[in-house]
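Atoms within a ligand are numbered from 1 in the order they appear, just like the ligands themselves. Starting from 1, each residue takes its place in the sequence as its number. Computed from a prediction, not measured in an experiment: that's the story for all the values here.
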Amino acid sequence: MKKLKIVLLYNNRHSYPDPNDYRNQLEADFDDPETTEWQIRYLKRSGFEVIPIEANENAYLRLYRLRKKIDLVFNVSEGIYGLDREAQLPAMLEMLQIPYLGSRPLTQAIILDKAKTKEVLSFHGIPNLPFQVLRRSDEIIDTRLKFPLIVKPVAQGSSAGVTNESVVFSVEQLRHQAKKIIETFFQQPVIIEPFLSGREFSVPMMGNPPRILPIIEPNHKLLPKNYLPLDSLEVKWHFEEKAGSESYLQCPARLSRKLERKIKEICLQTWKALEIRDWCRIDIRCDREENPYVLEVNSPPGIIPPEVSRSSYFPLSARAAKISYQQLLEDLVKIALERYRKNYL
Ligand SMILES: Nc1ncnc2c1ncn2[C@@H]1O[C@H](COP(=O)(O)OP(=O)(O)OP(=O)(O)O)[C@@H](O)[C@H]1O
Ligand SMILES: [Mg+2]
């Protein structure tokens, strides 16, 4: 049988995320070259012919030349430049009529923007937190938002720009943090919203219709005292990578029937409202009464191979479901190809 030709579309970072250097965090969403090398190796082991393409300015030319030969693009790229960057590569692939893994450009662009995502969720009555977007740090703050608040760049991932300093308790702190993010992230607006200190969950989903994989709960109670209870950049990229952190990520999360049902229902509604395809990971946080709210959606979610990290959420959850990394990649290829075969766009 002819080997399937798979393009692995990726972005690589040039340095490891540093909580003290916000500019460096702009590449936090990109993968280490080591991750890409392992992904290529795994896809080859599955019997695919693999063509790696970095999702930079030259990607279009390479995809254009190969367009008649590619069976599927395995897209784990983020795109480069601007607030719509996660839509860039899917848009090129649509134009070139090359099948790819993941959601279409509209969904990708909305999901990267945490505020627009919430606007869509609210229209569909899906629980999420009130918020305000600030383009300048001296804008009037909506007094309906009660401290403590969290300040986040509106369109980043992997906790870029989200550190211990992001939780603010006064207007002065808020303006200071907003100014820092807007200036270092090239005028990117910030989103501010109430900081919830209840339980947090991350929910990986895949398939059309989606299957919900085992839910992950970062147990903030296990964090050292100098960390606030959130998955900040420090926690995600430094604490979670350390030995012993596996118990920090509880998977499957221990949930009452009622809470599990609520979370699953919210995630399925979110998938539908945003017209997600193939896979994603939804982040949820609860208030003290265990009412869940959608924080944001990740698409594509990170899938770092176990050789590089044991704490990458999607593969960690897959392992809990007895799906190996190899199998996970193969399943994702199948899910995307099947979607095209069924003409379900
Ligand atoms: N409103 C909130 N209340 C409490 N904690 C929050 C809130 N918003 C974000 N957080 C914390 O900050 C972390 C990072 O925030 P968020 O998930 O919005 O950013 P991200 O960088 O897009 O994350 P990802 O790594 O999933 O791409 C969350 O996992 C959560 O721990
Ligand atoms: Mg998140």
Same apolar cluster (I L V M F W Y, side chains within < 4.5 Å links), F131/V162: no
Within-2.8 Å protein N/O/S contacts of the Mg ion (ligand 2): D283 OD2, E296 OE2
L129: numbered ligand 1 atoms lying under 4.0 Å from its heavy atoms: 1 (N)
Nearest protein heavy atom with distance in Å, relative to atom 8 (N) of ligand 1: K152 NZ, 2.9 Å
Residue R281 vicinity, atoms of ligand 1 by number, heavy atom under 4.0 Å: 26 (O)
Sub-4.0 Å atoms of ligand 1 with respect to non-hydrogen atoms of N298: 24 (P), 26 (O), 27 (O)
Which of the ligand 1 atoms, numbered from 1, are nearer than 4.0 Å to a heavy atom of E193: 1 (N), 2 (C), 7 (C), 8 (N)
Sidechain N-carboxylate O distance under 4.0 Å for E275, R104: yes
Those atoms of ligand 1 less than 4.0 Å from some heavy atom in F195: 3 (N), 4 (C), 5 (N)
Side chain to side chain contact (heavy atoms under 4.5 Å, CB included) partner of M206, chosen from L101, I212, D331: D331
Residue and atom name of the nearest protein heavy atom (relative to atom 29 (O) of ligand 1), distance in Å to one decimal: E200 OE2, 2.5 Å
Protein heavy atom at shortest distance from atom 23 (O) of ligand 1: E296 OE2, 3.2 Å
Distance from atom 10 (N) of ligand 1 to nearest protein heavy atom, with residue and atom: I150 CD1, 3.7 Å
Spacing of K44 atom NZ and Q39 atom CD [to the nearest 0.5 Å]: 13.0 Å
Pair Q326-S46, side-chain donor/acceptor within less than 3.5 Å: yes
Ring geometry between Y64 and Y60 (parallel below 30°, tilted from 30 to 60°, perpendicular above 60°): parallel
Sidechain N-carboxylate O distance under 4.0 Å for E165, K180: yes
N/O donor-acceptor pair under 3.5 Å between R175 side chain and E139 backbone: yes
Sub-4.0 Å atoms of ligand 1 with respect to non-hydrogen atoms of L230: 11 (C), 12 (O), 31 (O)
Region of D231 that comes within reach of ligand 1 [heavy atoms, distance under 4.0 Å]: both
Min N/O separation L295 to ligand 1 under 3.5 Å: no
Residue and atom name of the nearest protein heavy atom (relative to atom 21 (O) of ligand 1), distance in Å to one decimal: S159 N, 2.5 Å
Protein contact to atom 5 (N) of ligand 1 [nearest heavy atom, distance to 0.1 Å]: R285 NH1, 3.2 Å
NZ/NE/NH1/NH2 to OD/OE distance under 4.0 Å, E338 and R341: yes
Numbering as shown, the atoms of ligand 1 that approach Q156 to under 4.0 Å (heavy-atom distance): 22 (O)
Per-residue contact class, S166 against ligand 1 - non-hydrogen pairs under 4.0 Å: neither
Under-4.0 Å salt bridge between E265 and K262: no
Ionic contact status for E260 with K264, cut-off 4.0 Å: yes
Nearest neighbour in protein (non-hydrogen) for atom 25 (O) of ligand 1: K236 NZ, 2.5 Å
Nearest non-hydrogen protein atom, atom 3 (N) of ligand 1: L196 N, 2.9 Å
Salt-bridge contact R285-D283 (side-chain N to carboxylate O under 4.0 Å): no
E296/K152 ion pair, N-O < 4.0 Å: no
R85 and E78 ion-paired at < 4.0 Å: no
Those atoms of ligand 1 less than 4.0 Å from some heavy atom in V162: 12 (O)
Donor-acceptor pair, side chain of S317 and main chain of I215, under 3.5 angstrom: no
